[in-house]
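For reference, the structure discussed in these notes is given below.
Everything numeric in this text was worked out from a predicted model, so none of it was measured.
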Amino acid sequence: MKVLIAEDDFRIAAIHESYIEKIQGFEVAGKAKSAKDMWEALQKEKIDLILLDVYMPDELGTNLLPRLRERYPEVDVIIITAATETMLLRDALHYGVAHYLIKPVTAQKFATVLTEYKEKKDLINSNDEVNQTMIDLLFGQMQEEQKEDQDLPTGVNSLTLDKVKTWMASVKSGMTAEELGEKMGVSRTTARRYVEYLVTTGECRAELAYGIIGRPERRYYPAHDQTES
């Protein structure tokens, strides 16, 4: 996902850029020191996400949101600001910002918010229809999700885990980690980490599949779906 950092303080912009470089699935497409620079950047390159400061030198960031929604409705916005006025938060929420962060932002908080944002986008993009479980994951219940994550192994979070469970429940013929990764838009290593965790909890089972060429692969099935012998 291509990120535009709209921040007039070059030192803060550099810090946020260094944070982004450590998060898988994101890359910095540009930096804008003003609203004018931001509009020019949007015209030059396709941007997925803007990290927008409120106190830009030529215009308030929240005042840019109506025009952003009108001109670039596909671009998401995360506000990162030192501003604490409730009115600004209200305006940001009204125009559908993905998140609102108060400076200074720690690397851990930054990574958590961006990773969660991407997982929500992936969840939406990987499903043709919605159900209440999916909606609950997208709207609210984040405190419960964070508590659940504390009980999960390192590298496994509840949002992605629920997504894996949904995929596995719908596949009776089984699936390799590579196939699962392709469907979810993640690496084979990431997909294997999650499905192997489900094997340890008994929610999935794994069998060796012997192909014509190459080494046998582990193929994963829902635990309740027993193949014929």
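Across Gly61 and Leu52, no two heavy atoms sit closer than the pair O-CD2, 3.4 Å. Closest of all the heavy-atom pairs between Ala223 and Gly202 is CB-O, 3.0 Å. In this structure, Pro222 and Ala169 approach most closely via the heavy-atom pair CG-CA, 4.3 Å. Of all heavy-atom pairs spanning Ser18 and Ile15, the tightest one is OG-O, 2.5 Å. Among all heavy-atom pairs drawn from Thr81 and Ala83, the shortest one is OG1-N, 2.9 Å.
Screening residues 9-53 for ring pair (Phe, Tyr, Trp, His ring centres under 6.0 Å) gives His16-Phe110, Tyr19-Phe110 as the qualifying pairs, with residues at least two apart or on separate chains. Residue pairs meeting the ring pair (Phe, Tyr, Trp, His ring centres under 6.0 Å) criterion with at least one member in residues 70-89: none, sequence neighbours excluded. For residues 81-94, there are no salt bridge (Lys or Arg N to Asp or Glu O under 4.0 Å) pairs, not counting sequence neighbours. Screening residues 10-22 for salt bridge (Lys or Arg N to Asp or Glu O under 4.0 Å) gives Asp9-Arg11, Glu17-Lys31 as the qualifying pairs, with residues at least two apart or on separate chains.
Atom CD1 of Ile47 and atom NZ of Lys2 lie 7.5 Å apart (nearest 0.5 Å). Atom-to-atom distance recorded for Tyr55:OH and Asp8:CG is 12.0 Å, nearest 0.5 angstrom. To the nearest 0.5 angstrom, Ser187 atom OG is 5.5 Å from Gln24 atom CD. Here the CG atom belonging to Leu161 is positioned 11.5 Å from the CZ atom belonging to Arg193, to the nearest 0.5 angstrom. Between Leu51 atom CG and Ile5 atom CD1 the span is 6.0 Å, to the nearest 0.5 Å. If you take NE2 on His99 and OG1 on Thr112, they are separated by 9.0 Å, rounding to the nearest 0.5 Å.
Side-chain contact, Thr201 with Glu203: a donor N or O sits under 3.5 Å from an acceptor N or O. Between the side chains of Thr176 and Glu217, no donor-acceptor pair of N or O atoms lies under 3.5 Å.
Hydrophobic clustering, with ILVMFWY side chains joined whenever heavy atoms are under 4.5 angstrom apart, groups Leu68 together with Tyr100. In the hydrophobic clustering of ILVMFWY residues, with side-chain heavy atoms under 4.5 Å counting as a link, Ile124 and Leu49 come out apart. Hydrophobic clustering (side-chain heavy atoms under 4.5 Å, transitive across Ile, Leu, Val, Met, Phe, Trp, Tyr) keeps Leu88 apart from Ile12. Criterion: ILVMFWY side-chain heavy atoms under 4.5 Å apart, direct or through other members. Under it, Ile102 and Val113 are not part of a common hydrophobic cluster. Transitive grouping of hydrophobic side chains (ILVMFWY, heavy atoms separated by less than 4.5 Å) brings Leu89 and Val54 into a common cluster.
Just one residue in the list Leu42, Ile78, Asp76 forms a side chain to side chain contact (heavy atoms under 4.5 Å, CB included) with Ile50, and that residue is Leu42. For the side-chain hydrogen bond (donor to acceptor under 3.5 Å, both in side chains) criterion with Thr160, the lone passing option out of Lys118, Glu116, Glu119 is Glu119.
In this structure, the side chains of Ile79 and Leu101 stay at 4.5 Å or more apart for every pair of heavy atoms. Inter-residue side-chain proximity for Ile20 and Glu27 is flagged as unmet; no heavy-atom pair is nearer than 4.5 Å. Between Glu207 and Tyr220 the shortest side-chain heavy-atom distance does not fall below 4.5 Å.
Under the 4.0 Å criterion applied to side-chain N and carboxylate O atoms, Asp48 and Lys46 are assigned as salt-bridge partners. Between Lys103 and Asp53, at least one side-chain nitrogen of the basic residue sits less than 4.0 Å from a carboxylate oxygen of the acidic one, meeting the salt-bridge criterion.
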List the steps, then state whether side chain to side chain contact (heavy atoms under 4.5 Å, CB included) holds for Lys163 with Tyr194. CA-CA 10 Å; Lys163 183 178 174 183; Tyr194 280 86; over 6 Å; no
Begin from the C-alpha positions of Glu59 and Lys36 and carry the test side chain to side chain contact (heavy atoms under 4.5 Å, CB included) through to its verdict. CA-CA 9 Å; Glu59 194 165 358; Lys36 180 176 179 291; over 6 Å; no
Do Val77 and Leu65 pass the side chain to side chain contact (heavy atoms under 4.5 Å, CB included) test, and can you show the C-alpha distance, the side-chain angles, and the key distance before you say yes or no? CA-CA 8 Å; Val77 176; Leu65 294 175; 4.0 Å; yes
Show your working on salt bridge (charged side-chain N to carboxylate O under 4.0 Å, His left out) between Glu196 and Arg218 and close with a plain yes or no. CA-CA 10 Å; Glu196 285 289 350; Arg218 282 172 69 83; 2.8 Å; yes
Given Glu7 and Met56, is the side chain to side chain contact (heavy atoms under 4.5 Å, CB included) satisfied, shown in steps? CA-CA 7 Å; Glu7 167 64 61; Met56 303 292 281; 5.9 Å; no
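Looking only at distances, a side-chain donor or acceptor of Arg69 sits under 3.5 Å from a matching main-chain atom of Val75. Thr166 places a side-chain N or O within donor-acceptor distance of the main-chain N or O of Asp162, the cut-off being under 3.5 Å.
Under the salt bridge (Lys or Arg N to Asp or Glu O under 4.0 Å) criterion, Glu179 pairs with Arg219, sequence neighbours left out. Glu182 meets the salt bridge (Lys or Arg N to Asp or Glu O under 4.0 Å) test with no other residue; sequence neighbours excluded.
The neighbour count for Glu74 CD, taken as heavy atoms of other residues, nucleotides or ligands under 6.0 Å away, is above 12.
A cation-pi contact links Arg205 to Tyr221, judged by a cut-off of 6.0 Å to the six-membered ring centre and 45° from its axis.
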